[in-house]
Amino acid sequence: MNSALNTYDVLVVGAGHAGCEAALAAARMGCSTLLLTIDMDKIAAMPCSPSIGGMAKGQLVKEIDALGGQMAVATDASAIQYRTLNTRKGPAVHSTRTQNDKNMYSRHMKTVLETSPNLDLKQAMVRDLIVENGCVKGIVDMTGFAYQAGCVVITTGTFLRGRVHIGATKTDAGRAGEFASIHLGESLADLGFDMGRMKTGTPPRLHADSIDFNSFRRHESDPDPTFFSFRTKKITTPMLPSFMGETNAATHDIVRKNLQYSALYGGHIKGQSARYCPSFEDKIVKFADRNSHHIILEYEGIHTKEIYASGLGNSLPLDIQYQVVRSVKGLEQAKIMRPAYAIEYDYVNPLELTPALETKRITGLFLAGQINGTSGYEEAGAQGLLAGVNAACKIQKRPALILDRSQAYLGVMVDDLVTRGTTEPYRMFTSRAEYRLLLREDNADLRLAETAHAYDLIDTERLKLSREIADQTSREIRRVKQAVVKPDETTNQLLASLGSNPITTGVKLAQLLKRAELSYRQLTTISPPLEPVSIRAATQVEIEIKYDGYITRQLNEIKKFKDLERIKIPDHFDYARAHGLSNEIKEKLEKIQPKSLGQASRTDGMTPAAISVLMVAIAAYDKHKSA
């Protein structure tokens, strides 16, 4: 056989959100890449919510975009509603969310994949990994055809031995109506990976014409939306509303009376449920004192009648699902087009991974997305991009891309996974990021452009634009800190009109800008910049001046964090040398194999005393080795 037909640098298994980003990243870096998917008509599918972003997830999408990924561009191309969340709070937690036309999103991503250089797209189900001497060499599909590759990235989502549950009915499926990947799950288990089961689910889809939308509160899109991609200049899709309502006591009674018929509470599901995205049955049991729960109705697209009923996800039989749905005001005549269901699937304990998302057990094998125990399109896409980049780096013998907790939400997520592992579906939150004031949505490209360009993920033009914004921001911050505003009639009239106290002596412009009621744009009328300042730069100036004290504090904390990160732990370090560590800590460190003292310090159970002991042991090892 002509080896060109089946030999690649990087092979990606699964074309969900993780797989698409992994394949595009590897191809963008110049590696010959093959993306395999069970169904080419379901590329980048949205099997659950037809939306992208939300709290902390929006930050991940912006970071994907800053690193040259495609999710943000696809989101803007298919968005049918934009909302910025947490606008009453500080900029650290502002997060963008969209509703999307899910079919338009999928078509966009498929087109990009099909037209990308260095990238082949094929339909096939993977049966086995080819592993020789602890190194991955390729895969074998269900027809027996083999593909060879220097690196393999597995992004199987919920397909790995997936099983769909509706009441007592169970079907092997990766999603409703789609084949599960049974043999690949068995192959990974046979290779010795530490694996477990997780559970997620999706609510029913209702026919729009059967809903009384007047019984729900209507929510429109933001009138002046913030786009997801820093590359997007305008959107052309129409904006559609969403609708909010509540369940009631009757709804809850129906569920209580029929819990035994639920797959979750009837004993049919063994996988661990998501703590932060509970099914409706879970809500009724765990929040028994609540009289109602929110329901949000969202369009699944522009040219479909399907409505996503967020908040009503369950694993009850269909006849009981009808009772639940029709007990809600406004849904008395609702028709279910697709039933709700639960799905359980295999995942690999992420403690099996290095910070590059490469498995410790098999060289050249990378895992990304729900196979690592995470939930959400955004978490998957971010991991996929990182895994694709690092697979390409391994082929090209370049240093791996490792983002730390002070650089990106992506760094926080990966560090959490590979240092602490997870026994339940992991979801990103702003509270997980200790330096979140510096890891904002609005500065993702400014934070990551240099790194992205160094890894050939963005072109010189994008780097130049980011540098220009950063330079303009720095110049204007210097001016604002130096400029003095003198008291005069015009100034004090403006301050009074904005509900701010007048000034009686000269005041630094920066001091005025720190007043909560004043904005940068308003103050430019009394102290204009020396040259035009872009909207992007103006946003950075305002945030950095208003939050100057908090930012300085976080920068000092990052310095301490970096000091620990700089102390590297040698590969295969013998923790028995660290006299004074408990056996429990030694066992954890042996399993995790942290790369630095900083990563070791985040291991569950580590104390300041234990960190000191480990630091001394590392220093002694290094001294002995250099002697």
Next item on the list: Before giving the answer on side chain to side chain contact (heavy atoms under 4.5 Å, CB included), spell out for Leu316 and Ile166 the whole-Å C-alpha distance, their side-chain angles and the decisive distance to 0.1 Å.
Entry: CA-CA 6 Å; Leu316 293 160; Ile166 301 176; over 6 Å; no

Note to self: Could you go through Gln59 and Thr430, starting from their C-alpha distance and side-chain angles, then the distance that decides it, and tell me whether this counts as side-chain hydrogen bond (donor to acceptor under 3.5 Å, both in side chains)?
What the structure shows: CA-CA 9 Å; Gln59 280 85 338; Thr430 54; over 6 Å; no

Between [X] (side chain only) and [Y] (backbone N and O only), is there a donor and an acceptor less than 3.5 Å apart?
X      : Y      : value
Tyr345 : Ala180 : no
Gln70  : Glu21  : no
Arg197 : Gln272 : no
Glu378 : Gly53  : yes
Thr155 : Gly14  : yes
Thr363 : Cys135 : no
Gln370 : Ala380 : no
Arg290 : Ser292 : yes
His94  : Lys89  : yes
Thr603 : Met606 : no

Hey, could you give me the [atom1]/[atom2] distance between [X] and [Y], rounded to the nearest 0.5 Å?
X      : Y      : atom1 : atom2 : answer
Asn258 : Ile284 : CG    : CD1   : 12.0 Å
Ser375 : Lys199 : OG    : NZ    : 11.5 Å
Glu441 : Asp445 : CD    : CG    : 11.5 Å
Glu352 : Thr359 : CD    : OG1   : 7.5 Å

Would a 4.5 Å heavy-atom cut-off, applied to side chains only, mark [X] and [Y] as touching?
X      : Y      : answer
Leu67  : Leu403 : yes
Lys588 : Glu584 : yes
Thr171 : Arg163 : no
Leu188 : Ile154 : yes

Next item on the list: Please lay out, stage by stage, how Phe366 and Val152 fare under the test side chain to side chain contact (heavy atoms under 4.5 Å, CB included).
Entry: CA-CA 6 Å; Phe366 296 77; Val152 174; over 6 Å; no

Next item on the list: Run the numbers on Arg602 and Arg405 for side chain to side chain contact (heavy atoms under 4.5 Å, CB included), then give the verdict.
Entry: CA-CA 11 Å; Arg602 295 185 291 278; Arg405 301 180 73 89; 3.6 Å; yes

Next item on the list: Tell me whether the guanidinium CZ or amine NZ of Arg361 lies under 6.0 angstrom from the six-membered ring centre of Phe193 and within 45° of its axis.
Entry: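 Pair Arg361/Phe193 counts as cation-pi.
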
Check: Is NZ or CZ of Arg432 both nearer than 6.0 Å to the six-membered ring centre of Tyr426 and within 45° of the ring axis?
Finding: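 Checked: cation-pi criterion met.
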
Note to self: Applying side-chain hydrogen bond (donor to acceptor under 3.5 Å, both in side chains) to Tyr265 and Asp282, what does each step give before you reach the verdict?
What the structure shows: CA-CA 9 Å; Tyr265 284 92; Asp282 255 347; 2.5 Å; yes

Next item on the list: Identify, with sequence neighbours excluded, every residue that meets salt bridge (charged side-chain N to carboxylate O under 4.0 Å, His left out) alongside Lys562.
Entry: Asp404

Notebook entry, point to check: Tyr435 and Phe561: aromatic ring centres closer than 6.0 Å?
Noted result: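 Ring-ring flag for Tyr435/Phe561: true, centres closer than 6.0 Å.
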
Note to self: Hydrogens and angles aside, do Thr419 and Gln599 bring a side-chain donor and acceptor to less than 3.5 Å of each other?
What the structure shows: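 Gln599 and Thr419 do have a side-chain donor-acceptor pair below 3.5 Å.
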
Next item on the list: Step by step, work out the side chain to side chain contact (heavy atoms under 4.5 Å, CB included) result for Tyr455 and Met29.
Entry: CA-CA 7 Å; Tyr455 281 85; Met29 291 175 67; 4.3 Å; yes

Margin query: Once salt bridge (Lys or Arg N to Asp or Glu O under 4.0 Å) is applied, what residue pairs with a partner in residues 130-141 remain, sequence neighbours excluded?
Written below: none

